[in-house]
2 protein chains.
Amino acid sequence: MNISEVARETGLPAKTIRYYEEIGLIKPLRDTNGYRLFRVSDVHKLAFLGRSRALGFSIEDCRRLLALYEDQCRASADVKALAEEHLAQIDGKIAQLRSMQATLRELVEECAGDRRPDCPILRDLAKE
Amino acid sequence: MNISEVARETGLPAKTIRYYEEIGLIKPLRDTNGYRLFRVSDVHKLAFLGRSRALGFSIEDCRRLLALYEDQCRASADVKALAEEHLAQIDGKIAQLRSMQATLRELVEECAGDRRPDCPILRDLAKE
DNA sequence: ATGGGGGTTCCCGTTGCTGGAGGGTCAAGC
DNA sequence: GCTTGACCCTCCAGCAACGGGAACCCCCAT
């Protein structure tokens, strides 16, 4: 399988697939002409990576997840720990965004949004 | 005022202040020895930037907000539009994070987290 | 032979800084 | 006058996770 076919199957851009090879996440074979040659297992790994990334795991986390996936002797506790840590970070980010959202919503509601220069949003940003 | 004093007052790292000058957000004076010399208005702008950034506005948005702030003839509608657009992006990000959070929470709950290799998290990431 | 649609590498740009190297400046103490 | 330490300066590299584009190779059909 060549790269564009793999891209179609996994939904990942070819650029991303090349990048994943560059950083050692996959190691496709090479054809005599220099083209990458993907095995089914490579495609499988790429799909795994795509789903891990879609859940917001960092590349380094994905690397660890992939290693655990390939290790038949893994302990599910290790996977769970990784996922829980990531979940905690997501929780934190959501909290932060919600705080911004709340503040902004208030300010936007207070703002007349007309031609006059007076604006509670700017006033808040400039306060003190 | 020199940079470390401004850093203390605004809560921004000196590096960040230099960076903001580099990209043209502020234009402090220079002392004869080459040191930056900050006016009260510079400090004020930096505080404004700090609060805008804390609300999640991008640097370019901050630049626009600052321009609106300085423009006595601005229309509050312009500020409101900017804020609403940003708010919409925050809403989108929260939605995305919540979807990740929901999926991850489910998977984490299903996972035994013991020494056995069987793991629903990995199974989900590898599915199909 | 030529054209079009693959593939390849390499390098720069993104966002918003942060860290560090290498060097000038200033105020205090001896 | 000299040193020491705490400032300040500029410039360069790097982070995450790619994306865009140049310059070039390869293969197949007409």
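Throughout, protein chains are lettered first and strands after them, A, B, ... in sequence-line order, and every chain is numbered starting at 1.
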**Student:** What is the distance from CE of Met1(B) to P of dC7(D), rounded to the nearest Å?
**Tutor:** 17 Å
**Student:** For Tyr69(B) and His44(B), take the angle between the two ring planes, folded into 0 to 90°, and tell me which bin it lands in: parallel under 30, tilted 30 to 60, perpendicular over 60.
**Tutor:** perpendicular
**Student:** Ile3(B) CD1 to dC26(C) P: how many Å, rounded?
**Tutor:** 16 Å
**Student:** Would you say Arg36(B) reaches dT10(D)'s phosphate, i.e. side-chain N/O to OP1/OP2 under 4.0 Å?
**Tutor:** yes
**Student:** For Ser76(A) and Asp114(B), indicate whether the former's side chain and the latter's backbone hold a donor-acceptor pair under 3.5 Å.
**Tutor:** yes
**Student:** What is the separation between atom CG on Leu29(A) and atom P on dT8(C), rounded to the nearest whole Å?
**Tutor:** 13 Å
**Student:** Scan for salt bridge (Lys or Arg N to Asp or Glu O under 4.0 Å) pairs involving residues 23-34 of chain A, sequence neighbours excluded, and state none if there are none.
**Tutor:** Glu21(A)-Arg30(A)
**Student:** Please report the distance, rounded to the nearest Å, between CG in Leu37(A) and P in dC26(D).
**Tutor:** 16 Å
**Student:** Rounded off to whole Å, could you give me the CD1-to-P distance for the Ile17(B) and dT18(C) pair?
**Tutor:** 11 Å
**Student:** Under a 3.5 Å distance rule, please check whether Asp42(B) uses its side chain to pair with a backbone N or O of Arg39(B) as donor and acceptor.
**Tutor:** yes
**Student:** When the distance from CG of Asp31(B) to P of dT10(D) is rounded to whole Å, what number comes out?
**Tutor:** 13 Å
**Student:** With a cut-off of 3.5 Å and sequence neighbours excluded, list every side-chain donor-acceptor pair involving residues 91-113 of chain A.
**Tutor:**
{"residue": "Asp91(A)", "atom": "OD1", "partner": "Gln101(B)", "partner atom": "NE2", "Å": "2.7"}
{"residue": "Gln101(A)", "atom": "NE2", "partner": "Asp91(B)", "partner atom": "OD1", "Å": "2.7"}
{"residue": "Thr103(A)", "atom": "OG1", "partner": "Ser99(A)", "partner atom": "O", "Å": "3.0"}

**Student:** Quick one: closest heavy-atom pair of Leu55(A) and His86(A), and the distance?
**Tutor:** O-NE2, 2.8 Å
**Student:** Kindly write out the residues that satisfy side-chain hydrogen bond (donor to acceptor under 3.5 Å, both in side chains) with Asn33(A), not counting sequence neighbours, or none if the list is empty.
**Tutor:** none
**Student:** So what does Ile23(B) hit on the nucleic acid, given a heavy-atom distance under 4.0 Å: a base, only sugar-phosphate, or nothing?
**Tutor:** nothing
**Student:** Specify the separation, in whole Å, of atom CZ of Arg30(B) and atom C1' of dT10(D).
**Tutor:** 9 Å
**Student:** Between the protein and nucleotides 23-25 of chain C, which nitrogen or oxygen pairs come in under 3.5 angstrom?
**Tutor:**
{"residue": "dG24(C)", "atom": "N2", "partner": "Tyr35(B)", "partner atom": "OH", "Å": "3.1"}
{"residue": "dT25(C)", "atom": "O4'", "partner": "Tyr35(B)", "partner atom": "OH", "Å": "3.4"}

**Student:** State whether Arg8(B) and Glu5(B) are salt-bridged, where the test is any N-O pair (Lys NZ or Arg NE/NH1/NH2 against Asp/Glu carboxylate O) under 4.0 Å.
**Tutor:** no
**Student:** My understanding is that only residues two or more places apart in sequence, or in another chain, count here; which of them pass side-chain hydrogen bond (donor to acceptor under 3.5 Å, both in side chains) with Arg18(A)?
**Tutor:** none
**Student:** Can you tell me how far C1' of dC8(D) sits from CZ of Arg18(B), to the nearest Å?
**Tutor:** 7 Å
**Student:** So if I define the base as every atom that isn't primed, P, OP1 or OP2, how would nucleotides 16-21 of chain D read as a B/S/- string at a heavy-atom cutoff under 4.0 Å?
**Tutor:** -BBSBB
